[in-house]
Number of protein chains: 2
Amino acid sequence: MNNISKEDYLSVIFKFQNRNGEIRPKAIAQKLQVTQAAVTDMLKKLAIDNYILYEKYKCIRLTPSGEEFAINMVRRHRIWEVFLQKVVGMPWDKVHEEAHKLEHSSSDDLINRLEVLLRYPEFDPHGDPIPSKEGKIPKIKKYLPLSDLKEGESGTVVRVNDFDEQFLNYLTELGISLYEIILVKEKRNFDNSLMIQIKGKQWNISQKLAENIFIEIKKVKGA
Amino acid sequence: MNNISKEDYLSVIFKFQNRNGEIRPKAIAQKLQVTQAAVTDMLKKLAIDNYILYEKYKCIRLTPSGEEFAINMVRRHRIWEVFLQKVVGMPWDKVHEEAHKLEHSSSDDLINRLEVLLRYPEFDPHGDPIPSKEGKIPKIKKYLPLSDLKEGESGTVVRVNDFDEQFLNYLTELGISLYEIILVKEKRNFDNSLMIQIKGKQWNISQKLAENIFIEIKKVKGA
DNA sequence: TTTATAATTTAAGCAGACTTAAATAAAAAA
DNA sequence: TTTTTTATTTAAGTCTGCTTAAATTATAAA
């Protein structure tokens, strides 16, 4: 009856697979905060359901039907996120967690109706693309982690990682949100921390933080 | 972690308790479509959690904390129903089932925000009152089942039972919805079926159907 | 009051999704 | 290549919410 766990496993596999479509069991365990034994257990079941290809000690990959399933879960999640931000006015940093609960408890019909209500949004509040009903995923613009920018470069925030509420909260404090323009004033080599400018204010941020903010570069000073 | 079952049990106990606040285990089993053994099992757990008063072979009743919990579940359910109908435009007969899933997966914060968005609705699409954040339940107008009306009597639909999708679907076909006016043209004694008039059309309906529609009487012919 | 019927509980067991601890395989380091 | 470390799997067991079947208690009928 209850598919919540399977849904979560498939979402995580989809979201964190590498460019070759593969993922290690350990990564799944870390993302879901369960033991590796639990993962092994579930992987066997998912393989029986024909959602994944599974061979002992090998990397996991989704079957076409597993991918379809996972993409639909991602779609649900992101449509709920847009809804929660745009219609309900829920703050940025709360949206992910709430959507995570709702994604397991809504019919496809409801999701499709929300999509219409929201006028077919292409990206969620963190800049992640929303798959269409048919499973097509909007192309996202090329972007770099903010940590890759050099001194003097600037660009637009097009995506941020969404898995940490505290992180998003901190971004809000700094005034960093989607489509804001950030300029790298200084970059310190010894710890890779950055001095950035946003909305006329300057902030010092760690490399760690900068790695989770993604930028579309607009212009390069002196290039 | 997962409270879905407990939430369902408490909701059912609240919704189907009699005027004295009591309910039999068997009724719970029927409403939830589980065996009575499962109910006994859960009742013990609910008693340990101090949500109900439970003595073997006796009627069940909610404790104050159980009632508070249950009222909050009812609130969630009904706010979702209003939302699904008013904002999403989901048809009457689909709303109950969808809300039933969502009620278990939303934070109080989200429910409160939806309530504001909907401008503090007092009744759900089936005419059931929506408890406030503080647990206060709006007074509902006095009403009778349509089956109690006599020939020539008419009144306004103020509530319908919401637990059967087919039933609601049928009401839609007949043009029966909240706040419509129904006139009883004829009542046949042998099967208690009724000939009713609504929106200028006449329909013959069974007693069973009429028992699930609730009417606030407007005027009595010849009284 | 006794008997029959219905409601409730107990007992045993199952399935799902976990856990810990031990065993095994693969990858990395020496 | 051998050793060490890390990843993965297996085994055994837990907890929750159910099930069926049997036993018990309460209620209604005779």
Side-chain angles (χ1 to χ4, degrees), chain A residues 1-18 20-62 66 69-70 73 100-101 103-105, chain B residues 1-18 20-62 66 69-70 73 100-101 103-105:
Chain A
M1 180 82 281
N2 219 349
N3 271 327
I4 296 184
S5 275
K6 283 185 182 179
E7 291 175 1
D8 278 340
Y9 276 84
L10 290 170
S11 292
V12 160
I13 293 170
F14 179 77
K15 279 191 72 177
F16 298 100
Q17 63 188 341
N18 63 22
N20 308 316
E22 293 178 324
I23 189 170
R24 304 240 55 131
K26 190 176 189 195
I28 302 172
Q30 286 171 329
K31 295 300 174 186
L32 290 173
Q33 297 279 73
V34 294
T35 59
Q36 294 186 212
V39 173
T40 304
D41 226 57
M42 181 60 88
L43 291 179
K44 289 178 184 168
K45 294 174 195 163
L46 292 173
I48 289 169
D49 293 348
N50 191 37
Y51 285 134
I52 63 168
L53 299 175
Y54 174 61
E55 281 179 275
K56 269 191 187 183
Y57 300 107
K58 295 272 175 69
C59 279
I60 310 310
R61 64 183 323 132
L62 292 168
F69 190 104
M73 290 312 300
H100 182 68
K101 288 182 287 182
E103 73 188 58
H104 302 295
S105 322
Chain B
M1 181 81 281
N2 219 351
N3 271 328
I4 296 184
S5 276
K6 282 185 183 179
E7 290 175 1
D8 278 340
Y9 275 84
L10 290 170
S11 291
V12 160
I13 293 169
F14 179 77
K15 280 192 73 178
F16 298 99
Q17 64 188 340
N18 64 21
N20 307 317
E22 292 177 325
I23 189 170
R24 304 240 55 132
K26 189 175 190 195
I28 302 172
Q30 286 170 330
K31 295 298 175 189
L32 290 174
Q33 297 277 72
V34 294
T35 60
Q36 294 187 213
V39 173
T40 304
D41 225 60
M42 182 60 87
L43 292 180
K44 289 179 185 169
K45 294 174 194 164
L46 292 173
I48 290 170
D49 293 347
N50 191 36
Y51 285 133
I52 62 168
L53 299 175
Y54 174 61
E55 280 178 275
K56 270 190 189 185
Y57 300 107
K58 296 272 176 67
C59 279
I60 309 311
R61 66 182 323 132
L62 293 167
F69 190 104
M73 290 312 300
H100 182 68
K101 287 182 289 180
E103 73 189 65
H104 302 296
S105 322

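Lettering of chains follows the sequences in order, A, B, ..., and the numbering in each one begins at 1.
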Whole-Å gap separating [atom2] ([N]) and [atom1] ([X]):
X        : N      : atom1 : atom2 : result
A/Tyr9   : C/dA17 : OH    : C1'   : 7 Å
B/Asn3   : D/dT16 : CG    : P     : 11 Å
A/His104 : C/dG16 : NE2   : P     : 18 Å
A/Asp49  : C/dA15 : CG    : P     : 15 Å
B/Ile48  : D/dC15 : CD1   : P     : 13 Å
A/Met42  : C/dC18 : CE    : C1'   : 9 Å
B/Asp41  : D/dC15 : CG    : P     : 14 Å
B/Asp8   : D/dT16 : CG    : P     : 17 Å

Inset, instruction - Please determine if a side-chain N or O atom of B/Ser5 lies less than 4.0 Å away from the OP1 or OP2 oxygen of D/dC18. - result: yes

Legend entry - Under-4.0 Å side-chain N/O to phosphate OP1/OP2 contact, B/Lys45 with D/dT16: no

Legend entry - Selection from C/dC18, C/dT20, D/dG17 that lies nearest to any side-chain heavy atom of A/Val34: C/dC18

Inset, instruction - When you get a sec, tell me which of D/dT16, D/dT19, C/dC18 is the closest nucleotide to the side chain of B/Ala38? - result: D/dT19

Distances under 3.5 Å between nitrogen or oxygen atoms of protein and nucleotides 5-9 of chain C:
unit_1: C/dA7; atom_1: OP1; unit_2: B/Lys26; atom_2: NZ; d: 3.4
unit_1: C/dA7; atom_1: OP2; unit_2: B/Lys26; atom_2: NZ; d: 2.7
unit_1: C/dT8; atom_1: OP1; unit_2: B/Arg24; atom_2: NE; d: 2.6
unit_1: C/dT8; atom_1: OP1; unit_2: B/Arg24; atom_2: NH2; d: 3.2
unit_1: C/dT8; atom_1: OP2; unit_2: B/Lys26; atom_2: N; d: 2.8
unit_1: C/dT9; atom_1: OP1; unit_2: B/Tyr54; atom_2: OH; d: 2.4
unit_1: C/dT9; atom_1: OP1; unit_2: B/Tyr57; atom_2: N; d: 3.1
unit_1: C/dT9; atom_1: OP2; unit_2: B/Thr40; atom_2: OG1; d: 3.0
unit_1: C/dT9; atom_1: OP2; unit_2: B/Tyr54; atom_2: OH; d: 3.4

Can I get a per-line list of side-chain donor-acceptor pairs under 3.5 Å for residues 34-43 of chain A, giving both atom names and the distance, sequence neighbours left out?
unit_1: A/Thr35; atom_1: OG1; unit_2: A/Ala38; atom_2: N; d: 3.3
unit_1: A/Thr40; atom_1: OG1; unit_2: A/Gln36; atom_2: O; d: 3.1

Legend entry - Check ion pair B/Lys31-B/Asp8 (N to O, under 4.0 angstrom): no

Inset, instruction - Decide yes or no on side-chain contact (heavy atoms from CB on, under 4.5 Å) for A/Ser11 and A/Glu103, but give the supporting numbers first. - result: CA-CA 11 Å; A/Ser11 292; A/Glu103 73 188 58; 4.2 Å; yes

Legend entry - side-chain contact (heavy atoms from CB on, under 4.5 Å) assessment of A/Ile23 paired with A/Ile28: CA-CA 8 Å; A/Ile23 189 170; A/Ile28 302 172; 3.8 Å; yes

Inset, instruction - Step by step, work out the side-chain contact (heavy atoms from CB on, under 4.5 Å) result for B/Lys45 and B/Tyr51. - result: CA-CA 9 Å; B/Lys45 294 174 194 164; B/Tyr51 285 133; over 6 Å; no

Inset, instruction - Please report the C-alpha distance between B/Tyr54 and B/Ile60 in whole Å, then the side-chain angles of each, then the deciding distance to 0.1 Å, and finally whether the side-chain contact (heavy atoms from CB on, under 4.5 Å) criterion is met. - result: CA-CA 6 Å; B/Tyr54 174 61; B/Ile60 309 311; 3.5 Å; yes

Inset, instruction - Taking the side chain as every heavy atom from C-beta outward, state whether A/Glu22 and A/Lys58 have any pair of such atoms under 4.5 Å apart. - result: no

